[in-house]
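For reference, the structure is listed below as structure tokens.
Not measured: the values here are computed from a predicted model. First listed ligand is number 1; within each ligand, the first listed atom is number 1.
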Amino acid sequence: MRETERIGSLKGIGEKTEQLFNRVGVKNVGDILRYYPRGFEIFDDPVPIGSVEEGRVSTVAGSVFRRIQVSGNQRMRVTALYLKDLTGTLKVVWFRMPFLRNTLGKGGVIILRGRVVRKKEGLVMEHPEIYYPAIKYEEKLHTMQPVYPLTAGLTNNAVIKAVRQAISCVRVKTDILPEEMSVKYHFMPYEEAVRNMHFPEDKEYFAAARERFVFEEFLVFILSLRRLKETENRAKNSFIFADQEKIGKFLKALPYRLTDAQMKVWNEIKADMQGEHVMSRLVQGDVGSGKTVVAFLALLLSGLNGYQGALMAPTEVLARQHYENISDMLKDYNLPLKAELLTGSMTAAQKRSAYERIQSGEASIIIGTHALIQEKAVYKELALVVTDEQHRFGVRQREALAGKGTMPHILVMSATPIPRTLAIILYGDLDISVIDEMPKNRLPIKNCVVDTGYREKAYAFMKKQVAQGHQCYVICPMVEESESLDAENVMDYSQTLQEEMGDTVRVGYLHGKMKQKEKDEIMDAFGRNEIQILVSTTVVEVGIDVPNATVIMIENAERFGLAQLHQLRGRVGRGKHQSYCIFMSASKSDETKERLDILNHSNDGFFIAGEDLRLRGPGDLFGIRQSGILDFKVADVFQDAKTLKAASEEAGEILKDDPELEQPCHLELKKHIDSRIQKIMLETTL
Ligand code: ADP
Ligand code: MG
């Protein structure tokens with residue numbers, strides 16, 4: 001079987017499953033070989049029930065004690081049982097699986113594996129996997145089971161099966177690394193490496209397999225950038241941006257003065273837009289450093305000169321927030337431009353009239369999600385494209401933007417701090433601006449790291465803040481990678497919290513499974529302070545700006561990465577009021593403590609990124625996966641900095657010997673580079 005064959009040609013994959021695979025980007029059997037797990041489950045021996053800990057995934061063995069109960073309503077049946085061994089009993093619940101009462105009621109030892117959380121009644125294991133009879137667990141004991149990214153309807157088992165089949169019957173393609181190089185770096189042979197990316201014998205095998213693909217990815221990427229730079233001269237600037245008096249007036253009228261850093265970056269952008277070539281500039285600035293107003297200035301300059309500018313945000317909530325801010329600013333400062341919103345959840349009629357205003361040129365600042373790049377959106381004269389929170393966009397979402405304008409200027413805003421040295425290797429010829437200063441009116445956020453015993457006090461503290469007119473976020477613990485369970489968790493939690501807070505405080509919730517309209521309503525209500533406490537999953541992480549919010553409490557903080565925690569924390573401390581971040585964690589491990597300690601003592605994103613790198617080091621198997629321009633499947637620019645450097649040096653050697661990549665040993669490599677170049681062009685020329 002060849003790699004290009006449809007995924008549906010594997011045994012056992014019907015039309016429906018094929019569609020699910022397509023949804024996660026797996027089209028052919030080659031894709032599935034490269035559909036890597038996001039982690040592994042390591043199956044350990046069961047632990048005594050008396051010793052299970054909150055927040056952990058554990059395996060327990062025992063027998064059912066008392067009756068198995070099914071409660072709840074039609075929509076949400078909850079099955080509960082008590083599992084008992086010599087050391088204690090543990091409550092276990094499942095959602096929407098009422099039939100378990102019959103299957104598990106037959107006696108004998110059951111093995112359960114799941115996460116233990118703390119509820120009012122004590123520790124509860126939620127929605128565990130079931131091994132019954134217990135002997136079934138033995139096959140898995142001490143193995144590493146891949147855990148794949150999924151979508152609703154696609155199970156981990158289905159992916160495992162498909163990968164197994166693909167590995168055994170796909171004729172593996174030619175190695176893309178020249179043999180010489182594989183020998184020099186002792187890389188695992190390609191075929192063996194593929195297998196070990198999915199089903200490693202142990203951690204060492206996995207690390208060795210991963211190393212190979214990391215190197216390969218970096219090498220292809222760097223070679224692509226270098227070749228691109230040599231062949232492509234930057235496109236000429238075909239737009240004329242005259243200085244605009246109105247912009248100066250706007251800056252004077254703003255209630256605050258731009259920081260020196262904002263001013264510096266704005267001047268760099270302006271110089272680019274008025275320069276000889278088309279701009280492609282990355283603006284990096286920590287959360288809250290004020291990137292939006294800088295983007296707005298660029299959009300103003302293009303609009304006032306009679307062109308269109310587009311701002312693309314990664315979520316609808318964020319797009320709408322930008323739209324409202326920008327519309328308000330246009331109105332408040334008497335600027336004669338029209339902003340337009342375009343998002344996927346708008347009705348067909350709303351979209352149609354938006355398209356009309358975009359095509360006619362009546363709208364000059366167009367804000368939206370990736371709906372901006374849909375076929376039907378036709379621009380009159382698109383001169384500037386801004387993407388916000390760039391790292392959230394995947395390649396596919398941006399591909400369609402190619403050809404929307406004739407070589408518009410590109411501005412990319414990112415809150416992910418990348419050390420400058422890395423940025424220079426990675427971004428090649430993309431110019432970089434850094435907003436390295438916070439607005440002056442800010443008080444540094446006060447942090448604390450506490451255990452769950454502090455929860456009551458935290459609630460009391462939030463109540464007090466609300467009484468003073470402020471608002472709070474609570475980030476709800478994540479449930480094992482299942483969106484629907486996350487949703488239930490958020491709803492449960494907000495209900496409990498509402499009871500705790502009493503009638504004078506309104507608690508709302510937000511999660512990824514809600515309809516866009518509901519999300520908008522909740523965000524609006526929160527923005528107007530009609531909701532005082534917002535319980536949410538990490539959907540609030542990106543860019544939301546409610547300056548009146550002063551407290552963020554993050555439950556199960558140990559489950560998030562440092563960078564993500566920093567982003568979450570950035571939701572507060574955005575106004576002039578003293579703000580607080582409460583990291584709540586039940587974990588007592590030293591590693592967790594050290595990680596949270598870093599956040600506790602620093603609010604500086606660049607410093608945190610550096611520490612993140614130091615801490616995770618090469619020992620950590622999985623880093624954060626970058627996306628956007630840094631669209632790597634396995635490689636991580638922080639964690640694999642050393643490999644990046646090696647690949648960069650090898651790339652130099654290769655180009656010195658064989659600049660056109662014509663030698664036979666570089667043929668396969670060249671194929672990959674060419675397709676990668678295409679992708680990069682689509683991304684950066686939009
Ligand atoms: P981010 O860089 O995270 O996107 P925003 O652009 O959303 O940050 O800005 C955060 C908040 O700071 C906004 O409410 C904005 O109005 C405000 N702000 C931006 N620049 C300044 C400044 N120079 N002085 C005071 N407040 C500012
Ligand atoms: Mg922002």
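- Taking only nitrogen or oxygen atoms, main chain and side chain alike, Gln262 reaches within less than 3.5 Å of ligand 1.
- Interface atoms of ligand 1 facing Ser289, defined by a heavy-atom separation under 4.0 Å, are 2 (O).
- The Thr259 neighbourhood of ligand 1 comprises atoms 23 (N), with distances under 4.0 Å to a heavy atom of that residue.
- For the residue pair Arg281 / Ser433, a side-chain donor-acceptor distance below 3.5 Å is found, with atom types taken as modelled.
- Take Lys515 and apply the salt bridge (Lys or Arg N to Asp or Glu O under 4.0 Å) test, not counting sequence neighbours, and it matches no residue.
- Aromatic rings from Phe241 and Tyr307 are positioned such that their centres are separated by under 6.0 Å.
- At a heavy-atom cutoff of 4.0 Å, ligand 1 is contacted by the backbone of Leu258 but not by its side chain.
- Atom numbering of ligand 1 starts at 1 in the shown order; those under 4.0 Å from a heavy atom of Val287 are 3 (O).
- Atoms of ligand 1 found under 4.0 Å from any heavy atom of Thr292 (numbered from 1 in listed order, with element): 4 (O), 5 (P), 6 (O), 7 (O).
- Using a 4.0 Å cut-off between heavy atoms, Arg442 contacts ligand 1 through its side chain alone, with no backbone atom that close.
- Considering backbone and side-chain N/O of Gly288, one or more are found under 3.5 Å from N/O of ligand 1.
- No side-chain N or O of Gln274 forms a donor-acceptor pair with one of Asn237 less than 3.5 Å apart.
- The closest approach between any non-hydrogen atom of Arg257 and ligand 1 is below 4.0 Å.
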Let me see the working for Lys270 and Asp243 under salt bridge (Lys or Arg N to Asp or Glu O under 4.0 Å), right down to the final yes or no.
-> CA-CA 9 Å; Lys270 196 163 76 135; Asp243 272 337; 3.1 Å; yes

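- Listed by first and then second residue, the ring-ring contact (aromatic ring centres under 6.0 Å, His included) pairs that reach into residues 327-346 are Phe250-Tyr333, sequence neighbours excluded.
- Within the structure, ligand 1 lacks Gly285 among the residues with a heavy atom less than 4.0 angstrom away.
- Ser364 and Gln308 share no donor-acceptor pair across their side chains, judged by distance under 3.5 Å alone.
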